[in-house]
Peer 1: 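Can you read through this structure? Questions will come right after.
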Amino acid sequence: MAESKAASEQDDNGTDAGRLDFIREIVAADLAQNKNGGRVVTRFPPEPNGYLHIGHAKSICLNFGIAEENGGVCNLRFDDTNPAKESVEYVDAIKEDVHWLGFDWQDRLFFASDYFERLYDSAVKLIELGKAYVDSLSAEKIREYRGTLKQAGRDSPYRNRSVTENLDLFRRMRAGEFEDGAHVLRAKIDMASPIVNMRDPTLYRIRRVTHHRTGDRWCIYPMYDFTHCLSDSFEGITHSLCTLEFENHRPLYDWVLDSLATPCHPQQIEFARLNLSYTVLSKRKLLELVEGGFVDGWDDPRMPTISALRRRGYTPKSIRDFCERIGVAKRDSLIDVTLLENAARDDLNRHAPRVMGVLDPLKVVLTNYPEDKTEYFDCINNPEDESAGTREVPFSRELYIEREDFREDPPKKFFRLAPGREIRLRYAYFITCNDVIKDEKTGEILELHCTYDPESRGGSSPDGRRVKGTSHWVSKAHAIDAEVRLYDRLFLNEDPNQVEEGKDYKDYLNPDSLQVLEGCKVEPSLARVLPGTRVQFERKGYFCVDTKDSAPGKPVFNRTVSLRDTWAKMQKRNPPGGRTK
Ligand code: ATP
Ligand code: MG
């Protein structure tokens, strides 16, 4: 797992102090030699053709992090050269996500499309240098001529057009004189190169598609490989960090910049992309899940997108911590999603206020409790943070407890409520179950009749007598109705990218990834809870108030993650029952 990390974090936990990951090592060595005049300039270069996912977060943390640590800057640059798949909606969502993660590009928001004119000029220069030509083969023929990994490619019959003819054709391509696909501009490198990307790659193609920024001003668009290196160079990028699949593109990246003798020649460094278990991290696949209605939009809380993680209740810090923990390596691996969940728990444990909510309510009547009495118990908001204080929670004769906290016929090791058995209601009283009231026809348990021990007020034992179980509860008269959504993994298998023959990754979707619980009862302190608020329902996990579907007085809670440890452990650290009034 974590191969390496930033030095600061390592110093904090006392292990591996001072060890940098391989990219940070390169940057440190460059700084030590005063390469690039001691500057560090990085960029995060998303294509606005989908929402960002947790893999992008890794790249964002790396690029912005390295700049920050070294007194440098990181640009946000949209790589928007493929208008057919791009949109303003995606641009806006990406900006929101980067900011939310806690990073700021200040005034350095760039678009590759802003460079179209300069890129065109660079292409003209390559033609003049005899290093690019207009090819009029069909796309199919170009593919055929390219050869294979084992077999060298063949020169196009158009490869030796004169500079003058190439310049003329390229100008007319731009002017819109030709149909889409009639010609392309190609680099003139080497059709026999062992690196297929170097076999005269396409630099420009004709495409009559309206661009979300440049409208119909252009009908030719530059290809990624041509655009990316030059955009980096225009911006004075020092270290161009990208994922391993671009390793084969590096010779071309360098070739373009060398051929044009650009004053700035950034260093491309590749690192392993993040793969996360039980999900897919490919915009193409995520788009397919959205468009096919397999999920409810890009921010469906089951998705691995930043917007979905936000809606589900993940904090920016937990995502940054996760990225720090997994580190940066050169080798591809599959990261266990529990690492992400643990990062969420660690942060939420410190900051999420505790509340009581009953997800599957079972009514309890305290037959010896006065009918019209209400008591208020002081409940601790966060045992991890004394400054969070306490709140008052009302208690009365009729309550709800969790249906699973009662068994009529308890198996061994079931220590919660059962006929004749006594348990503690958290913060409140000891209660004993005397009667089980059932529906005569169906046998369903309708309510429990219990008695409480007034001497156990606050949940502490009056005479040293012990109870094994502690249940959370809400007062029936005071409870707020809520909907709760429980999420499970989106896919059934660990790596949905590995599919059996004849199968599709979508065949592995988990049919039970969403469970909606209606009729949940939560404590009244949540009556006016704001969308986006994160809480811990004691014993049930961390939840976040849904930002889309919650209504005033009827919150919808998304479960972020379940709790790792239950009350069994908590009680060791904190006195049972808490404080009382
Ligand atoms: P996808 O494969 O999801 O379509 P992409 O690489 O096409 O992703 P871009 O918008 O081009 O998406 O990515 C922007 C940056 O984020 C690139 O530098 C890319 O290398 C990086 N990136 C994309 N996916 C991951 C990942 N899973 N892990 C780490 N970095 C990633
Ligand atoms: Mg890409």
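Basis for what follows: all heavy atoms, side chains included, without hydrogens, waters or symmetry-related copies. One-based numbering, in listed order, for ligands and for the atoms of each.
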Peer 1: Does a salt bridge link D300 with R312, judged by any charged N lying under 4.0 Å from a carboxylate O?
Peer 2: no
Peer 1: Looking at ligand 1, does any of its N/O atoms fall within less than 3.5 Å of an N/O of N49?
Peer 2: no
Peer 1: Looking at ligand 1, is there an atom of it that comes within less than 4.0 Å of some heavy atom belonging to R284?
Peer 2: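 Checking ligand 1 against R284, which is what was asked, there is no heavy-atom contact under 4.0 Å.
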Peer 1: Considering only heavy atoms of S59, which atoms of ligand 1 have at least one such atom less than 4.0 Å away?
Peer 2: 16 (O), 21 (C), 30 (N)
Peer 1: Examine F246 against ligand 1 and note whether any of their N/O atoms are separated by less than 3.5 Å.
Peer 2: no
Peer 1: Pull out every atom of ligand 1 sitting under 4.0 Å from any heavy atom of L281, numbered as shown with elements.
Peer 2: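 Those of ligand 1 that fall under 4.0 Å from L281 are 3 (O).
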Peer 1: Under a 4.0 angstrom heavy-atom cut-off, which atoms of ligand 1 come close to S282?
Peer 2: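 Once the distances to S282 are compared, the set is 3 (O).
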Peer 1: Please determine if F44 has a nitrogen or oxygen closer than 3.5 Å to a nitrogen or oxygen of ligand 1.
Peer 2: no
Peer 1: Who gets closest to atom 6 (O) of ligand 1 by heavy atom: E245, H228, K58?
Peer 2: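 Looking at heavy atoms only, the winner is E245.
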Peer 1: Taking 4.0 angstrom as the limit, do R208 and D216 come out as a salt bridge?
Peer 2: no
Peer 1: How are the rings of H99 and W105 set to each other: parallel, tilted or perpendicular (split at 30° and 60°)?
Peer 2: parallel
Peer 1: Find all atoms of ligand 1 within a distance of less than 4.0 Å from any non-hydrogen atom belonging to H53, and give their numbers and elements.
Peer 2: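 Ligand 1 atoms under the 4.0 Å threshold to H53: 3 (O), 24 (N), 27 (N).
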Peer 1: Using a strict 4.0 Å cut-off to heavy atoms of P45, name the atoms of ligand 1 that fall inside it.
Peer 2: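 Counting atoms of ligand 1 from 1, those under 4.0 Å from P45 are 14 (C), 18 (O).
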Peer 1: Whether R77 engages the ring of F111 as a cation-pi pair (distance to the six-membered ring centre under 6.0 angstrom, angle to the ring normal within 45°) should be assessed.
Peer 2: no
Peer 1: Y221 ring centre to R207 NZ or CZ under 6.0 Å, with the angle to the axis within 45°?
Peer 2: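 Verdict for Y221: no cation-pi partner in R207.
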Peer 1: So, do K506 and K285 sit near enough that their side-chain heavy atoms are less than 4.5 Å apart?
Peer 2: no
Peer 1: How long is the gap from CG on D504 to CD on E288, to the nearest 0.5 Å?
Peer 2: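 Nearest 0.5 Å value for the CG-CD distance: 6.5 Å.
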Peer 1: Closer than 4.0 angstrom: is that true for some heavy atom of D79 and an atom of ligand 1?
Peer 2: no
Peer 1: Whether R534 engages the ring of Y542 as a cation-pi pair (distance to the six-membered ring centre under 6.0 angstrom, angle to the ring normal within 45°) should be assessed.
Peer 2: no
Peer 1: For T243, counting its heavy atoms only, list the atoms of ligand 1 lying under 4.0 Å from any of them.
Peer 2: 19 (C), 20 (O), 29 (C), 30 (N), 31 (C)
Peer 1: Output the list of atoms in ligand 1 that are nearer than 4.0 Å to some heavy atom of H56, sorted by atom number.
Peer 2: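 Those of ligand 1 that fall under 4.0 Å from H56 are 8 (O), 9 (P), 10 (O), 12 (O), 13 (O), 14 (C), 16 (O), 22 (N), 23 (C).
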Peer 1: Which option out of K283, E270, E47, R43 puts a heavy atom nearest to atom 12 (O) of ligand 1?
Peer 2: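 Minimum heavy-atom distance to atom 12 (O) of ligand 1 goes to K283.
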Peer 1: Between R43 and D232, does any NZ, NE, NH1 or NH2 come within less than 4.0 Å of an OD or OE carboxylate oxygen?
Peer 2: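 Yes, D232 and R43 are salt-bridged.
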